[in-house]
Amino acid sequence: MLSSTPIRPGSRPRTLAAAALLGLLAVFFLPAGPADASAPLRQHAAARGKFIGTALATGPLSNETQYRNIAATEFNQITAENAMKWDATEPNQGQFNFSGADTIVNFATQNNQQVHGHTLVWHNQTPGWVQGLGATAMRSAMQNHISQVVGRYANNAAVVSWDVVNEVFEENGNLRSSFWYNTLGQSYIADAFRYARAADPDARLCINDYNVEGINAKSTAMYNLVRSLREQNVPVDCVGFQSHLAIQYGFPSDLRQNLERFAALGVQVRITEVDVRMQMPRSSSKDTTQANYYRDVIQACLAVNACAGVTIWGFTDRHSWVPDTFSGEGAALIYDENYQQKPSYTAVHNALDGGTPSDTTPPTTPGTPVASNVTGSSATLTWSASTDSGGSGLAGYNVYREQGTTDPQLGQSSTNSINLTGLSADTQYQVYVRARDGAGNLSSPSSAVTFTTTGGGGPSGPCTATGTVQTQWGNGYVIQPVTVTNSGSSAINGWTVTFTLPAGHSVTGSWNATLTTSGQTVTAKSMGYNGNLGPSASTSFGFQVSRPNGNTQTVSGYTCASP
Ligand code: 9MR
């Protein structure tokens with residue numbers, strides 16, 4: 001089934017590129033017939049119109065036969081784990097070294113695999129000479145790097161996509177204060193995409209990040225950036241969700257929903273670096289949980305048309321970045337260190353195969369939660385448990401705050417109880433619970449419990465708030481940061497910022513504060529973690545607003561009070 005025509009870097013005349021690309025697209029993307037149940041992962045993925053990929057390291061690729069064989073047999077997509085990064089490809093200014101990158105690309109070509117280029121502009125693994133440049137020199141070094149690296153593979157049919165910028169956000173959704181941002185400002189992102197498009201008009205250009213799998217401040221910032229870049233005709237074609245998961249931190253159960261909101265922007269989405277680590281030692285129950293996470297990642301991608309595929313960040317526990325980075329953790333991949341398939345391999349296989357009947361029966365509705373131990377920033381909720389009869393088993397509960405059109409998720413629990421923290425002082429909460437099974441089915445919502453957090457009880461004092469318009473587009477804008485400062489001479493515990501929305505404007509999202517709207521007046525209250533401010537100390541929150549098309553007003557004028 002797979003074409004065996006060799007494709008060599010740079011050897012194909014440009015005029016043949018389209019035809020060759022079509023052939024490859026057929027191999028990589030077009031649904032084939034159903035695959036044999038015991039077939040390798042790549043055949044099942046191809047039958048579903050998706051890729052299944054792995055990151056590869058050049059060391060074991062040249063030294064270990066088993067590594068090479070499994071990489072060739074099981075996967076139809078490859079990402080270089082390190083070989084295409086700046087420190088490898090341009091260690092000294094203007095001196096390019098493509099030996100590792102070519103090793104990866106040649107391997108992929110021989111095995112009819114597509115390559116995702118990783119990564120052009122990043123704050124890590126970039127040599128010191130780049131970091132020390134002034135603005136003009138840094139921008140031209142970036143342009144030259146992108147045009148040399150992307151240009152080298154522009155006529156190579158295996159190399160189909162690039163991570164143009166990687167990890168540009170902080171966890172709170174601010175742009176990362178990297179040397180790129182600090183020297184060039186936000187424009188470096190749009191510039192990088194334009195340089196990449198110029199170097200290869202046919203490549204798919206991606207922005208990639210971690211901790212953006214669920215809907216949160218960071219992924220919402222990424223969503224807003226991608227939307228605004230595309231409105232400015234910046235060539236962003238694709239969004240990568242790294243998905244470095246850990247069984248002890250829970251599964252991002254809104255992954256599919258999050259992929260869908262990005263897909264609605266018209267971009268391709270892809271899972272770019274999934275691994276699922278655990279605290280060592282392994283156990284069969286940890287292996288089962290891990291297998292469920294892999295299954296759920298694959299199923300989320302299968303459920304979203306715009307999701308091109310899933311890349312696993314390596315495939316064998318013998319070669320994984322995890323133990324070197326997270327002390328005491330490991331076993332994050334689908335083969336063990338002796339190249340034996342783990343339950344997670346079977347889970348990926350079965351999810352791609354789709355042959356196993358999937359569970360579509362949601363768990364029963366949980367009981368109404370009962371609130372106890374309510375303080376100024378926390379509360380404990382307990383409810384009677386759900387049961388699941390669909391086959392995948394009860395996985396846990398999602399806890400939501402009732403808040404009108406979109407109810408934010410306050411937390412997840414694997415048991416029928418949760419300790420909510422980070423609540424705002426002196427605030428009424430209506431909270432309900434939905435049970436979740438292993439296939440991601442959600443039960444009907446329970447009835448809600450209503451409770452009010454205590455006043456916080458701490459000292460009050462004067463404070464100030466100022467807001468900045470971070471970005472705006474035709475019918476919306478983001479205010480970020482709103483900086484809240486304790487302007488008094490003693491500590492405050494809790495703050496309340498109020499502001500007025502221009503007529504026709506409404507808040508569509510917020511982070512690092514709890515917002516309630518009454519008419520056009522919005523009240524933003526501190527969270528449990530950012531309400532305590534010493535004298536002169538500051539914190540910040542942000543929010544997003546939609547407005548009528550053509551209207552250019554934004555929010556201005558903020559009043560601060562404590563608590
Ligand atoms: O797996 C990579 C590891 O070998 C490198 O030492 C590390 C150094 O920065 O980068 C690892 O890969 C990262 C990837 O390039 C970007 N997303 C996070 C990955 C894990 O850290």
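Just so we're clear, the structure is a prediction, and the values are computed from it rather than from any experiment. Residue numbers start at 1 and run along the sequence shown.
In this structure the side chain of C206 reaches within 4.5 angstrom of the side chain of D163, judged on heavy atoms. In this structure, the side chains of L423 and V374 stay at 4.5 Å or more apart for every pair of heavy atoms. The shortest side-chain heavy-atom distance between Q341 and H349 does not fall under the 4.5 Å cut-off. Using a 4.5 Å heavy-atom cutoff, the side chains of I334 and L41 are in contact. With contacts defined as side-chain heavy-atom distances shorter than 4.5 Å, the pair T380/S417 qualifies. Side chains of P366 and N416 form no contact here, defined as non-hydrogen atoms less than 4.5 Å apart. Here the side chains of R277 and S320 are not in contact, with every heavy-atom distance at 4.5 Å or above. Looking only at side-chain heavy atoms (C-beta outward), P445 and V433 stay at 4.5 Å or farther from each other.
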Practice task
Apply side chain to side chain contact (heavy atoms under 4.5 Å, CB included) to the pair L265 and Y223, showing each step before the final yes or no.
Solution key: CA-CA 9 Å; L265 293 176; Y223 174 86; 3.6 Å; yes
Problem - F241 and N258: CA distance, side-chain angles, deciding distance, side chain to side chain contact (heavy atoms under 4.5 Å, CB included) verdict - result: CA-CA 10 Å; F241 302 80; N258 194 31; 3.8 Å; yes
Practice task
Take N216 and S219 through the test side chain to side chain donor-acceptor pair (under 3.5 Å) and record every step on the way to the result.
Solution key: CA-CA 5 Å; N216 55 39; S219 65; 3.2 Å; yes
Problem - Worked check of side chain to side chain contact (heavy atoms under 4.5 Å, CB included) between Q186 and Y181 - result: CA-CA 6 Å; Q186 172 162 359; Y181 180 78; 4.2 Å; yes
Practice task
Using the side chain to side chain contact (heavy atoms under 4.5 Å, CB included) rule, take V310 and Y294 through it: C-alpha gap first, then chi angles, then the decisive distance, then the call.
Solution key: CA-CA 10 Å; V310 174; Y294 272 106; over 6 Å; no
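The shortest non-hydrogen separation linking I215 to D254 is N-OD2, 3.2 Å. Closest heavy-atom contact between A55 and E81: CB-CB, 4.2 Å. Nearest approach of I492 to N486, heavy atoms of both residues: N-ND2, 3.6 Å. In this structure, L302 and L352 approach most closely via the heavy-atom pair CD1-CA, 4.4 Å. Residues T485 and S538 come closest through the heavy atom pair OG1-OG, 2.8 Å. Closest of all the heavy-atom pairs between P369 and V449 is O-CB, 3.2 Å.
The closest donor-acceptor contact from the side chain of Q299 to the backbone of V297 lies at 3.5 Å or more, if one exists at all. In this structure, the side chain of S413 engages the main chain of T415 through a donor-acceptor pair within 3.5 Å. Between the side chain of N398 and the main chain of R434, no donor-acceptor pair closer than 3.5 Å is present. With hydrogens and angles disregarded, a donor-acceptor distance shorter than 3.5 Å links the side chain of E213 to the backbone of S243. The backbone N or O of P281 sits less than 3.5 Å from a side-chain atom of K286, completing a donor-acceptor pair. Side-chain N or O atoms of T361 include none that pairs as donor or acceptor with a backbone N or O of G390 at under 3.5 Å. Side chain of Q520 to main chain of P502: a donor-acceptor pair is present (N/O by atom type, distance under 3.5 Å, no hydrogens or angles). A donor-acceptor pair is defined here as one N or O able to donate and one able to accept, closer than 3.5 Å; no such pair exists between the side chain of T471 and the backbone of V478. The closest donor-acceptor contact from the side chain of T427 to the backbone of T453 lies at 3.5 Å or more, if one exists at all. In terms of modelled atom types and a separation under 3.5 Å, the side chain of Q290 and the main chain of A331 share a donor-acceptor contact.
Q77 and T79 share a donor-acceptor pair across their side chains, judged by distance under 3.5 Å alone. Inspection of the Y477 and H505 side chains reveals an N or O donor paired with an N or O acceptor under 3.5 Å. Residues S253 and Q412 have side chains that bring a donor and an acceptor to within less than 3.5 angstrom of each other. Defined by atom type and a distance below 3.5 Å, a donor-acceptor pair is present between the side-chain atoms of N224 and Q544. W473 and N475 share a side-chain donor-acceptor pair at under 3.5 Å. N208 and E273 share a donor-acceptor pair across their side chains, judged by distance under 3.5 Å alone. With no hydrogens or angles considered, a side-chain donor-acceptor pair links T375 and S378 at under 3.5 Å.
Once rounded to the nearest 0.5 Å, the distance linking OG1 of T454 with CG of D426 reads 8.0 Å. R176 CZ to D209 CG: the interatomic distance, rounded to the nearest 0.5 Å, is 7.0 Å. The structure places CG of L394 at 9.5 Å from OG of S414, a figure rounded to the nearest 0.5 Å. Taken from OG1 in T498 to NZ in K525, the straight-line distance is 10.0 Å, to the nearest 0.5 Å. For the atom pair T119 OG1 and N166 CG, the distance stands at 4.0 Å (nearest 0.5 Å). Residue I271 holds its CD1 atom at 9.0 Å from OG1 of T311, rounded to the nearest 0.5 Å.
Ring geometry for F543 against F499 counts as parallel: the plane angle stays under 30°, on a 0 to 90° scale with 60° as the upper cut. The aromatic rings of W495 and F541 lie parallel to each other, with less than 30° between the two planes, well short of the 60° mark. Classification of the W313-H244 ring pair by plane angle, with boundaries at 30° and 60°, yields perpendicular. Using cut-offs of 30° and 60° on the angle between ring planes, the pair Y400 and Y432 is parallel.
Shown are T500, I479, T464; of these, the side chain to side chain contact (heavy atoms under 4.5 Å, CB included) with Y558 is made only by I479. Under the side chain to side chain contact (heavy atoms under 4.5 Å, CB included) rule, L205 has a single partner from D237, V267, V236, which is D237.
Around CZ of R256, the count of heavy atoms belonging to other residues, nucleotides or ligands within 6.0 Å does not exceed 12.
The existence of a salt bridge linking D287 and R282 is confirmed by a sub-4.0 Å separation between a basic side-chain nitrogen and an acidic carboxylate oxygen.
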